[in-house]
Amino acid sequence: MSAQIHADADFDLDAAWRLHPQVAVRPEPFGALLYHFGTRQLSFLKDRRLLAVVQELADCPSAAEACRVAGVEPATLARYRAALARLAHSHMIART
Amino acid sequence: MAFSSEAPPRPVQAGRLVDHFQYGLDAPICLTWELTYACNLACVHCLSSSGRRNPRELTTDECKAVIDELERMQVFYVNIGGGEPTVRPDFWELVDYATAHRVGVKFSTNGVRITPEIARRLAASDYVDVQLSLDGATAEVNDAVRGAGSYATVLRAMENLAAAGMRGFKISVVATRHNIGQLDAFKALADRYDAQLRLTRLRPSGRGADVWDELHPTAEQQRQLYDWLVANGDQVLTGDSFFHLSAYGEALPGLNLCGAGRVVCLIDPVGDVYACPFAIHDTFLAGNVRDVGGFTRVWRESELFRELRQPQTGGACTKCSAFDACRGGCMAAKFFTGLPLDGPDPECVQGHAEALLVGGDRAASAPRPSQDHSHRGPVRGQPVLLGLPARRESRPARMCDESPLA
Ligand code: SF4
Ligand code: SF4
């Protein structure tokens with residue numbers, strides 16, 4: 001648990017991020033599935049908005065901007081930040 | 001995810017995936033593809049009753065067309081099995097074709113073709129993973145199930161892979177009455193080769209039906225297995241093998257749901273698509289990849305898969321306090337032991353299946369697999385089960401198998 005909090009606090013919303021090049025994304029009715037060919041880990045995005053954020057990452061100068069473009073309300077930003085932190089932790093997304 | 005031949009990697013957030021998975025996905029995440037029914041061995045518990053090649057097996061071009069479809073559907077990886085898939089002359093060509101199309105491959109093998117040269121090739125690829133089958137931590141226990149010499153063969157394959165620098169390959173063990181006492185030894189063996197241990201459940205599928213009564217773990221051993229998994233589960237892969245054990249208390253890591261037709265399916269060597277690699281029976285046959293619309297259409301539109309994607313609402317298990325964790329266990333295990341699909345698993349840890357399993361001639365009335373490619377004559381190194389007479393009489397798969405002309 002403490003590792004998780006630590007990861008959240010560490011996640012830099014102002015940095016530029018992108019999907020790890022070895023990760024494939026497959027949209028599904030509930031959101032999307034992610035598969036990392038290097039770690040052979042499967043993960044999932046639990047809503048379509050989060051999928052949109054992840055898809056915007058590569059075109060945005062920062063993760064915060066990707067959230068804005070994808071329509072994340074400021075009130076829910078913390079939740080998306082936590083989700084991004086988790087993805088960074090499992091190497092699904094990486095700093096550019 | 002069934003996950004066999006079928007086991008998906010452990011989802012990062014296991015618990016909540018289940019709720020989405022029960023309604024099915026646009027493409028499977030645990031697709032097993034058995035490339036051939038041919039095999040050099042004759043393991044007593046073979047889930048696909050393999051041995052002889054089927055003349056109607058998919059051609060190289062047909063296999064490539066399936067891979068093209070998997071790429072379009074974004075199936076991340078396939079679990080290739082058989083039979084012994086590496087005996088197909090085009091095996092490496094198909095592996096290369098799949099990885100070039102961003103379809104990862106994990107293949108199951110008894111190790112017969114894993115030479116030092118092949119091991120080096122495998123170690124060099126990020127997109128190929130190897131799973132070696134081993135059913136005893138000693139030659140005595142392993143060879144009784146898989147045949148004389150098979151332990152030596154698989155150990156040589158492990159040596160070759162480790163020497164080539166391949167890390168994290170899988171050692172896959174079917175848990176039986178004779179090897180439950182060897183769990184620590186399996187783990188040590190995997191650690192020695194920098195490999196990952198995978199434990200799966202013996203299901204009464206294929207020839208497994210003939211030996212299930214003698215080989216499936218006793219109730220006491222199931223508890224031992226559960227305790228071992230609670231202590232070590234985060235270091236071993238189990239796919240969807242043991243969620244029926246979570247009725248003991250704690251949920252175990254792995255997929256806690258029968259994914260048949262939802263996230264799991266099988267493409268057999270002739271292109272037939274079944275709900276699960278452990279359910280090779282007409283009841284679970286959804287279509288064939290050679291049909292119009294191919295695999296995609298079978299996966300997305302078959303009547304059978306639609307039915308399997310409904311949550312279970314009735315049956316004895318839904319009234320059980322453990323249902324949320326156990327979900328009634330494995331559909332294939334119930335089916336091939338002749339139990340109702342909405343009732344308890346034959347290995348229900350609360351003992352609710354015991355009364356159903358005795359009584360009546362269950363062995364005679366339980367459904368048989370729809371096909372049998374077992375070797376007809378003797379095989380080199382033929383397995384001899386521990387504690388049993390050397391020559392076993394097995395039940396004929398179909399009436400015509402008794403005919404000398406069949
Ligand atoms: S039938 Fe059994 S082996 Fe097949 S997916 Fe369901 S639980 Fe897994
Ligand atoms: S009765 Fe059904 S749900 Fe309950 S423990 Fe047994 S198999 Fe699982």
Side-chain angles (χ1 to χ4, degrees), chain A residues 1-8 10-11 17-55 57-58 63 76 78-94, chain B residues 1 3 7-31 70-79 98-106 125-131 167-170 196 198 237 239 253-255 259 262-263 299-300 309:
Chain A
M1 202 58 217
S2 63
Q4 192 57 59
I5 290 160
H6 182 72
D8 279 20
D10 260 5
F11 185 80
W17 293 81
R18 70 188 155 97
L19 206 61
H20 189 286
Q22 276 183 297
V23 172
V25 179
R26 186 171 96 202
E28 285 287 345
F30 63 82
L33 278 169
L34 261 54
Y35 182 70
H36 193 306
F37 284 97
T39 63
R40 301 204 170 94
Q41 281 268 12
L42 193 66
S43 188
F44 76 115
L45 305 179
K46 65 180 188 304
D47 65 66
R48 285 278 172 153
R49 175 103 51 210
L50 182 56
L51 171 62
V53 171
V54 167
Q55 285 168 335
L57 284 176
T76 56
R79 219 154 44 78
Y80 286 87
R81 180 187 184 172
L84 289 170
R86 259 194 312 277
L87 292 173
H89 188 69
S90 54
H91 308 287
M92 292 291 179
I93 60 174
Chain B
M1 288 185 219
F3 272 56
R10 183 169 309 150
V12 172
Q13 299 168 324
R16 314 168 64 181
L17 274 175
V18 168
D19 302 327
H20 300 301
F21 285 1
Q22 67 176 329
Y23 300 104
L25 299 175
D26 288 350
I29 49 177
C30 189
L31 170 61
L70 301 182
E71 182 186 20
R72 282 194 298 272
M73 292 174 85
Q74 279 197 282
V75 170
F76 302 128
Y77 62 93
V78 287
N79 303 297
T99 56
H101 287 77
R102 259 176 98 81
V103 177
V105 169
K106 179 175 82 177
S125 171
D126 263 354
Y127 289 78
V128 185
D129 199 2
V130 189
Q131 177 166 298
R167 298 279 167 264
F169 63 88
K170 314 293 180 285
Q196 187 165 27
R198 178 170 177 268
L237 300 171
L255 181 71
R262 294 167 159 151
V263 298
W299 177 262
R300 293 188 181 154
R309 289 165 195 169

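Computed over heavy atoms, backbone and side chain alike; hydrogens, waters and symmetry mates excluded. A note on names: the letters A, B, ... follow the listed sequences, proteins ahead of strands, and every chain is numbered from 1.
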request  = Check B:Phe76 against A:Leu33 and note the closest heavy-atom contact, atom names and distance.
outcome  =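 Looking at all heavy atoms of both residues, the closest pair is CZ-O, 3.8 Å.
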Flag, side chain of A:Arg26 to backbone of B:Ala27, donor-acceptor distance under 3.5 Å =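 Yes; judged by distance alone, with no hydrogens or angles, the pair exists.
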key: Side chain A:Glu28, main chain B:Asp26, donor-acceptor under 3.5 Å   =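 Yes: the side chain of A:Glu28 pairs with the backbone of B:Asp26.
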To the closest 0.5 Å, what do you measure between [atom1] ([X]) and [atom2] ([Y])?
X        : Y        : atom1 : atom2 : answer
A:Phe30  : B:Tyr23  : CZ    : OH    : 13.0 Å
A:Phe44  : B:Leu25  : CZ    : CG    : 11.0 Å
B:Asp126 : A:Gln22  : CG    : CD    : 5.0 Å
A:Arg40  : B:Lys170 : CZ    : NZ    : 5.5 Å
A:Phe37  : B:Arg102 : CZ    : CZ    : 5.0 Å

message = Please rank B:Gly104, B:Gly168, B:Pro28 by heavy-atom pairs under 4.5 Å with chain A and give me the top one.
response =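 Of the options given, most contacts go to B:Pro28.
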